[in-house]
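Working notes for the structure below.
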2 protein chains.
Amino acid sequence: MANSTPTAAEATPSAPGHRGVTMADVAKAAGVSRTAVSFVLSNRENASISEETKHRILEAVQALGYRPNAGARALASQRSDWYGIVTEIVTAPFAVDIIKGAQDQAWLSRRFLLIAPSDQADAVGPNQGMEDAAFEKLLEQRVEGLLYAATFHRAVHVPKSANEVPTVLINCFDADGKLPSIVPDERAGGRVAVERLLQAGHSRIGVINLDPNIPAAIGRLDGCREALAGAGLELDPDLVVPGYATADGGYEAACQILDKYPAGAGRPTALFCLNDRMAMGAYDAIKERGLAIPQDIAVIGFDNQELIAAYLRPKLTTVALPFEEMGALGVQTLASLTAGQPITAHQQMVDCPLLERYSV
Amino acid sequence: MANSTPTAAEATPSAPGHRGVTMADVAKAAGVSRTAVSFVLSNRENASISEETKHRILEAVQALGYRPNAGARALASQRSDWYGIVTEIVTAPFAVDIIKGAQDQAWLSRRFLLIAPSDQADAVGPNQGMEDAAFEKLLEQRVEGLLYAATFHRAVHVPKSANEVPTVLINCFDADGKLPSIVPDERAGGRVAVERLLQAGHSRIGVINLDPNIPAAIGRLDGCREALAGAGLELDPDLVVPGYATADGGYEAACQILDKYPAGAGRPTALFCLNDRMAMGAYDAIKERGLAIPQDIAVIGFDNQELIAAYLRPKLTTVALPFEEMGALGVQTLASLTAGQPITAHQQMVDCPLLERYSV
DNA sequence: CTTCTTTAGTAACGCGCGTTACTTCGAGCG
DNA sequence: CGCTCGAAGTAACGCGCGTTACTAAAGAAG
């Protein structure tokens, strides 16, 4: 009576449509118990299975093409080996780099990254619907940790469901200061950019700024000031022109600077553009005036948007945002959190390396 | 004796680290059986649960913050609601658009997209390790269908494990002709591009070609010829210059064309660049010669790489590759396959829309 | 020979849930 | 009053696997 199961067990393997080979099948083929198979496949230390049996089991695994069922494993072992990442995959040409970094790092530690889309630019807005749903869906998959990646460096509010598992923010930080975050070191980036210009002999440097209130602008400009101070110089406020963060914006800002100062008479010999798109526009303004890059005017950008920086003529020297590194570090941080280490609310900053090309 | 479980059940909810609220918890809170909860949550048609009880259960769900366990559900129901997509997320600035399209479409049908990276450019090579592993991992998650997306339109060999579940190729096609695939209609794209130029009054059109052997070049050039033929013209082979698929390549090719023919004396009045990067280089060549776009020379591109096309000055008129649409169509196709419809080996072509900007 | 230890393995439970078969109860009907 | 039948709900099995507790056999020690 207790063994009404055997008959059922015999029926199951050939169930229509269900092609999965299970451990039980392997066990039967190898003439052992399912437990033995499980022991062998999970490389249990103190399992006493003879070499011979082990071999037999592994052969059966091969022969049958057994593939473990990740879901069942997760259910039984109470751990999923999955992390989730929420990001706006659309609007962010580089969100993909964060994903790439995270994905690779996850892959290294045999973990899987579930990617959920979040279709809106700002998480602070009222219609967090999509984003909440994304978190919700990921939690339903029982991810062990969450990553939230923003498209540009900023403060965000994270849905409270994020508190149920360890969560790490990438390229943004928690407005409430609770969650650990990973951001680019904008200030250091701004510093190396301007130091590079100084080193090339430029002392009068024009700056095409972004919206001065965003973290990127604040940090990069600070770094710029630091670099100048290091050389005993000061930032001339007249040389800092705000621009829309587009090629057109950069073009106009560059025109302003170039036309304000005649050649020689105080015209800057170098332009620090706070992003590459604006640098792209600046190129046009410079070329239009018959000036050569970098001979007459050096240009340095920020962001390293490959599609722009590597294809401008001359190729643009710029400071790279370390998206891949941030993604990887995010996963690492998550791993240590899920391993039980305490949450450090502190922000981790990642270096922005200078990419030398030909515009300086 | 049979009920040694209750004690265990009481211990479990407060088990350390395990925060999951289960159906059993909800059932207990609502004073019903777990089955009733299941019935209500899955909206069973012919379940006889009174409105009142249903209400009570839903309230308990809310109160406890119950969240279904997707893994367990998949295990029990033998269906996962997951699709997998394998793609090189790295080298492809637009693979992300395919993912986006697929992701959104999947989301619509309440499905989840598992993304696995494949770190190599060519699937035909010897070291398919990564790619095979990606497929393998996805199958371990018991995905119900697979998508494989290539970074550029080409023939691929797909690991045979892909045969275990329905598989659809995106932006590529099966070298063995077995799997259904979704590709851009390069020919129609080439046609509309050139038709646009013809319509603008150009009859002498230079073409900056890609590697003439890839499907993109073949199709686009064919389309070009069709358009010309439609206007009673023929493609002048002297005006077709191959270029490396980069800005530099486009620059050199454009120089060749422009310098070969003096103004007026047979110089083409329009350039059809088979990709946007080359168009970017062509812009430089044209501007260098003091010519204006589009007044002196019109330029039309292909690919619609936003970062380039939308930021060039003037903004580039180009033909878009329908990545998002292909991704979405991929998921739709997969859905019909998993729903049991027969595999149509035929290729589905997606239109490449013309994007009017200011370079024509 | 008995007892203890080690080796080699196995039976059985439970993870959270979908699902089928069954029970219970009250209303309606003859 | 006995019977049927639908409404409302429940017990119990199994999905594939990790894991714990147990057993059976083969030496080793006394």
Side-chain angles (χ1 to χ4, degrees), chain A residues 1-13 15 17-18 20-28 30-54 56-57 66-81 140-142, chain B residues 1-9 11-13 15 18 20-28 30-54 56-57 66-81 140-142:
Chain A
M1 176 181 167
N3 44 6
S4 64
T5 18
T7 39
E10 282 156 32
T12 325
H18 178 242
V21 177
T22 79
M23 269 195 178
D25 300 331
V26 173
K28 199 188 299 174
V32 296
S33 74
R34 203 183 51 65
T35 309
V37 178
S38 177
F39 282 175
V40 168
L41 288 186
S42 51
N43 270 323
R44 261 178 93 96
E45 299 292 333
N46 51 352
S48 34
I49 307 283
S50 71
E51 281 303 318
E52 189 207 314
T53 321
K54 185 188 270 184
R56 200 149 30 95
I57 291 175
Y66 168 75
R67 196 185 340 260
N69 181 321
R73 174 175 297 183
L75 187 58
S77 66
Q78 299 286 55
R79 39 193 317 263
S80 67
D81 290 342
E140 284 185 14
Q141 314 287 332
R142 293 301 186 267
Chain B
M1 175 180 165
N3 44 4
S4 63
T5 17
T7 39
T12 325
H18 179 241
V21 177
T22 78
M23 271 195 177
D25 299 332
V26 174
K28 199 190 300 178
V32 297
S33 73
R34 203 185 49 66
T35 308
V37 178
S38 177
F39 282 176
V40 168
L41 289 186
S42 50
N43 269 325
R44 262 179 90 97
E45 299 292 334
N46 51 352
S48 33
I49 307 284
S50 72
E51 281 304 318
E52 190 207 314
T53 320
K54 185 187 272 185
R56 201 149 28 96
I57 290 176
Y66 168 74
R67 195 186 338 262
N69 181 322
R73 174 176 297 184
L75 188 57
S77 66
Q78 301 284 56
R79 38 192 319 259
S80 68
D81 289 343
E140 284 185 15
Q141 313 288 333
R142 293 301 187 267

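Just the heavy atoms: all of them, side chains too, but no hydrogens, waters or symmetry mates, feed the values below. Numbers restart at 1 for each chain; the letters A, B, ... are given by sequence-line order, proteins then strands. Note that this is a predicted model, so its numbers are computed, not measured.
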Given [options], the nucleotide with the shortest approach to the side chain of [X]:
X       : options                : answer
B/Val32 : D/dG18, C/dG16, D/dT10 : D/dT10
A/Asn69 : D/dT20, D/dC17, D/dG9  : D/dC17
B/Thr35 : D/dT20, C/dG16, C/dT20 : C/dT20
A/Ala36 : D/dG16, C/dT10, D/dC17 : C/dT10
B/Ser77 : C/dG16, C/dG18, D/dG18 : C/dG18
A/Ala76 : C/dG14, C/dT19, C/dG16 : C/dG14

Need to verify one output field. Residue with the more 5' nearest nucleotide on DNA chain C, B/Arg44 or B/Ala24?
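On the 5' side of the pair lies B/Ala24.
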
Is it true that a side-chain atom of B/Ser80 and a backbone atom of B/Ala74 form a donor plus acceptor pair closer than 3.5 Å?
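Side chain of B/Ser80 to backbone of B/Ala74, a donor-acceptor pair under 3.5 Å: no, none is there.
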
Side chain of B/Ser77, backbone of B/Arg73: donor and acceptor closer than 3.5 Å?
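Looks like yes, one N/O pair under 3.5 Å.
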
Any N/O donor-acceptor pair, A/Ser48 side-chain to C/dA8 base, under 3.5 Å
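Indeed there is one.
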
Is there a donor on the side chain of B/Arg34 or the base of C/dG18 sitting less than 3.5 Å from an acceptor on the other?
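Flag set: donor-acceptor pair detected.
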
Phosphate OP1/OP2 of [N] contacted by [X] side-chain N/O (<4.0 Å):
X       : N      : value
A/Ser50 : C/dG9  : yes
B/Ser33 : D/dT10 : yes
A/Arg73 : D/dG18 : yes

Rounded distance in Å - [atom1] ([X]) to [atom2] ([N]):
X        : N      : atom1 : atom2 : value
A/Asp81  : C/dC15 : CG    : P     : 20 Å
B/Asn46  : D/dG9  : CG    : P     : 15 Å
B/Met23  : C/dC15 : CE    : C1'   : 14 Å
A/Ile49  : D/dA25 : CD1   : P     : 17 Å
B/Phe39  : C/dT19 : CZ    : P     : 9 Å
A/Gln141 : C/dC17 : CD    : P     : 13 Å
A/Ile57  : C/dA8  : CD1   : P     : 13 Å
A/Arg79  : D/dG16 : CZ    : P     : 22 Å

Give a yes-or-no answer on whether the side chains of B/Ser50 and B/Thr53 include a donor-acceptor pair shorter than 3.5 Å.
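Looking only at side-chain atoms, B/Thr53 and B/Ser50 do form a donor-acceptor pair, the distance falling under 3.5 Å.
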
Just to be sure I understand the rule, does A/Leu75 reach a base, reach only the sugar-phosphate, or reach nothing, if contact means heavy atoms closer than 4.0 Å?
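Result for A/Leu75 = base.
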
Distance-minimising heavy-atom pair for B/Asp25 and B/Gly20
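Nearest pair, atom of B/Asp25 first, then B/Gly20: OD2-O, 4.0 Å.
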
Minimum side-chain heavy-atom gap A/Asn69-A/Met23 below 4.5 Å
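Contact flag for A/Asn69/A/Met23 side chains = no.
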
Hey, are the side chains of B/Arg56 and B/Val32 touching, using non-hydrogen atoms and a 4.5 Å cut-off?
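SC-SC contact between B/Arg56 and B/Val32 confirmed.
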
Need to verify one output field. Residue with the more 5' nearest nucleotide on DNA chain D, B/Thr53 or B/Arg142?
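Looking at the nearest nucleotide for each, B/Thr53 comes out on the 5' side.
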
